[in-house]
Amino acid sequence: MVDAMRVWLALMLVMLLLFIFPLRDTFQRHDEMSELVAMKVATAYVDAVRDKGVITPQMWISLMEDLHRTGYVYDIEMEHYEKHYVPTYTDPVQHNSFQNEFMTHYQMVHHRGMMNKLFPNTSVDLSDSSRLYRLKAGDYFQVTLHRLDETRSSRLTRWLTFDADPATAFSIPIGGMVRNETY
């Protein structure tokens, strides 16, 4: 009976060392590569928006297709901080109290506002200029990717460690100032 237990324990240890841990390592490498691809795709998209000063429906569709190739599902949030100059007055009612200064304020346009402009509820062609979302030089633009599904490596790790809680989600914020307006 004791010998049978030792053989069973040795078999389990061999299974772990020869199959499970290498499989987990392979899954982790795949996850790291998909994260790098997602970061590269998102960075290229943000840089193109910052360089052109415009978002087109084709750019958005291309981003979605490239992220879909990683094998994971992402929630994408875009934010546009529109730069506004507000003149400074000692008394806002009197125009002659202008202080020769301007305050800079940023007004945020969230993802939904941009998507309504890119994909309106009309039958306008994708290449129509009314579907362009325009940004100005000096504005800020940011994209945040959140991976929604659990990876195979985290599932296997949870199974090996008897952990019930899923791993924390992967999130990438990428953004910067709009450099050009070439539309």
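Hydrogens, waters and symmetry mates play no part in the numbers below; they use all other heavy atoms, side chains included.
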(request) Kindly indicate whether the side chain of D31, heavy atoms from C-beta on, has any atom under 4.5 Å from the side chain of Y72. (result) yes
(request) Inspect the contact between R50 and D47 and indicate whether a charged nitrogen and a carboxylate oxygen are less than 4.0 angstrom apart. (result) yes
(request) Check for a donor-acceptor pair, side chain of T70 on one end and backbone N or O of A38 on the other, with a separation under 3.5 Å. (result) no
(request) Verify the cluster assignment for V49 and I61: are they in a single hydrophobic cluster under the rule of side-chain heavy atoms below 4.5 Å apart? (result) yes
(request) State, to 0.1 Å, how close M78 and V143 come at their nearest heavy-atom pair, and which atoms those are. (result) CG-CG2, 3.9 Å
(request) Measure the shortest side-chain to side-chain distance between Q58 and S127 over non-hydrogen atoms and say whether it is less than 4.5 angstrom. (result) yes
(message) If we ignore hydrogens and angles and just use 3.5 Å, is the side chain of Q107 paired with the main-chain N or O of H105 as donor and acceptor?
(response) no
(message) For the CD1 atom of I76 and the CG atom of L145, what is their distance to the nearest 0.5 Å?
(response) 5.5 Å
(request) Give a yes or no answer on whether the side chain of T26 reaches the backbone of P22 with a donor-acceptor pair at less than 3.5 Å. (result) yes
(message) When you group the ILVMFWY residues by side-chain heavy-atom contacts below 4.5 Å and let the links chain together, are M39 and M59 in the same group?
(response) yes
(request) Could you tell me whether a side-chain N or O of S171 sits under 3.5 Å from a main-chain N or O of H146, the two making a donor and an acceptor? (result) no
(message) Is there a side chain to side chain contact (heavy atoms under 4.5 Å, CB included) between M114 and H80? Walk through the geometry before answering.
(response) CA-CA 8 Å; M114 288 185 261; H80 170 214; 4.0 Å; yes
(message) How long is the straight-line distance from CH2 of W60 back to CZ of R131, given to the nearest 0.5 Å?
(response) 13.5 Å
(message) So that I can tick it off, tell me whether K136 and D139 are bridged by a salt bridge, with the cut-off set at under 4.0 angstrom between side-chain N and carboxylate O.
(response) no
(request) Drop me the distance from N116's CG to N121's CG, to the nearest 0.5 angstrom. (result) 7.5 Å
(message) Nearest 0.5 Å, please: how far is CZ in R179 from CG in D51?
(response) 4.0 Å
(request) Salt-bridge test for R147 and E35: reply yes if a basic N is under 4.0 Å from a carboxylate O, no otherwise. (result) yes
(request) Is it possible for you to say whether Y140 and M108 belong to one hydrophobic cluster, with membership spreading through side-chain heavy-atom contacts below 4.5 Å? (result) yes
(message) Checking T182 against N180 for the side chain to side chain donor-acceptor pair (under 3.5 Å) test, could you report, in this order, the C-alpha distance in whole Å, the side-chain angles of both residues, the deciding distance, and whether it holds?
(response) CA-CA 6 Å; T182 58; N180 294 321; over 6 Å; no
(message) If you count every heavy atom of other residues, nucleotides or ligands that lies below 6.0 Å from H84 atom NE2, does the total exceed 12?
(response) yes
(message) Is there a path of hydrophobic side-chain contacts, each under 4.5 Å between heavy atoms of I/L/V/M/F/W/Y residues, joining I55 to L67?
(response) yes
(message) Could you measure the distance from the NE2 atom of H30 to the CE atom of M33? Nearest 0.5 Å is fine.
(response) 7.0 Å
(message) Side chains of Y85 and T104, heavy atoms from C-beta outward: is any pair under 4.5 Å?
(response) yes
(message) Counting C-beta onward and ignoring hydrogens, is there a side-chain heavy-atom pair between V86 and F102 closer than 4.5 Å?
(response) no
(message) Main chain of G53, side chain of E181: is a donor-acceptor contact present, judged purely on distance under 3.5 Å?
(response) no
(request) Verify the cluster assignment for Y133 and Y81: are they in a single hydrophobic cluster under the rule of side-chain heavy atoms below 4.5 Å apart? (result) no
